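It should be emphasised that the depicted structure is a prediction, and the values quoted were computed from it without experimental measurement.
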Amino acid sequence: MTAAAESTTRDRLVEAARELFWDQGYRATGIAQILKKAEARSGSLYHFFPTKEDLLLAVLEKYRVQLRPWLLDPIFQRVTDPIERIFALLDGYRQGLILSDCKQGCPIGNLALEVGSQLPAAREGIEENFRGWSAGVRECLEEASGRLPEGADLERISLFVLTTMEGAVMLARSYQSLEPYDSAVSSLRDYFERLLEDGSTWSAPKPAQKGTRR
């Protein structure tokens, strides 16, 4: 088998696994299903991925590498305002909920709930994906930093956005309704509007001196 053919087979296996893991979960997906979808033989799979977990790690790596070209760049190119980019990103997840009738959520969040506490290597891959997502939001915040309160903790705000999205997606799937998602994003919008409104006057509180009483 040529190097190009090997690469194509490997890519098909990873993409087939990615789609199946997202659609029905990691544990519910069988090797036979992956082979059928990828149109590959078992020997090829075990040549590239000795275990199913190795295939999962490859899927997580694909998500990490493709985060920008798949998710961030299209939004950043279409939306110029950095704060609105954040909400365009959140709207993308809303559209995904609509297309799946609130049955499919964030693929990384799904894997975090299913295997994050049981497979240490996978958990690290999940963390890397979450950090990459948060970094994309922080990039927007840094671009808008002149409009935000002086001393605002951009890392904490970006984590807050991620937490809002993941929690809102989970509730939308649980309730089979967009209402909790829209409510959470609306509250986040209000939070940002208050930050932007106070940006010219607000300053971060100074930490208490050691040994002083509050």
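Inter-residue side-chain proximity for Leu35 and Leu13 is flagged as met; some heavy-atom pair is nearer than 4.5 Å. Residues Leu71 and Trp133 have side chains in contact (heavy-atom distance under 4.5 Å, counting atoms from C-beta outward). Annotation: side chain of Arg147 is in contact with side chain of Ile83 (closest heavy-atom distance under 4.5 Å). Using a 4.5 Å heavy-atom threshold, the side chains of Phe21 and Asn110 count as separate. Within the 4.5 Å cutoff, no side-chain heavy atoms of Trp22 are placed close to those of Thr29.
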Exercise for the section: Take Leu89 and Met165, measure what side chain to side chain contact (heavy atoms under 4.5 Å, CB included) needs, and give me the verdict at the end. Expected result: CA-CA 10 Å; Leu89 178 60; Met165 184 277 287; over 6 Å; no
Practice task
Output, in order, the C-alpha distance, side-chain angles, deciding distance and verdict of side chain to side chain contact (heavy atoms under 4.5 Å, CB included) for Tyr26 and Leu56.
Solution key: CA-CA 8 Å; Tyr26 171 74; Leu56 172 61; 3.7 Å; yes
Practice task
Determine, step by step, whether Arg189 and Glu84 satisfy the salt bridge (charged side-chain N to carboxylate O under 4.0 Å, His left out) criterion, reporting the C-alpha distance in whole Å, the side-chain angles of both residues, the deciding distance to 0.1 Å, and the verdict.
Solution key: CA-CA 10 Å; Arg189 169 73 76 175; Glu84 292 307 315; 2.7 Å; yes
Handout entry: Worked check of ring pair (Phe, Tyr, Trp, His ring centres under 6.0 Å) between Tyr181 and Tyr93
Key = CA-CA 10 Å; Tyr181 189 88; Tyr93 285 88; 7.8 Å; no
Exercise for the section: Output, in order, the C-alpha distance, side-chain angles, deciding distance and verdict of side chain to side chain contact (heavy atoms under 4.5 Å, CB included) for Leu57 and Glu124. Expected result: CA-CA 9 Å; Leu57 297 179; Glu124 291 179 8; over 6 Å; no
Practice task
Please assess Glu39 against Arg12 for the test salt bridge (charged side-chain N to carboxylate O under 4.0 Å, His left out), listing each intermediate value before the final yes or no.
Solution key: CA-CA 8 Å; Glu39 298 181 349; Arg12 290 204 315 272; 5.3 Å; no
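In summary, the side chains of Asp11 and Thr8 do not present any donor paired with an acceptor at a separation below 3.5 Å, with no hydrogens or angles considered. Between Gln118 and Arg27, the side chains place a donor N or O and an acceptor N or O closer than 3.5 Å (distance only, hydrogens not considered).
Between Tyr191 and Phe160, the gap from one ring centroid to the other is short of 6.0 Å.
Salt bridge status for Glu139 with Arg85: absent, with no side-chain N to carboxylate O gap under 4.0 Å. Ionic pairing of Glu61 and Arg64 is present here: one or more N-O contacts between side-chain nitrogen and carboxylate oxygen are shorter than 4.0 angstrom.
Annotation for Glu179: atom CD does not count as buried by contact number, only 12 or fewer foreign heavy atoms lying within 6.0 Å. For Arg41, the CZ atom counts as loosely surrounded, since its 6.0 Å shell holds 12 or fewer non-hydrogen atoms of other residues, nucleotides or ligands.
Going from atom CG of Asp182 over to atom CZ of Arg94 covers 4.0 Å, rounded to the nearest 0.5 Å.
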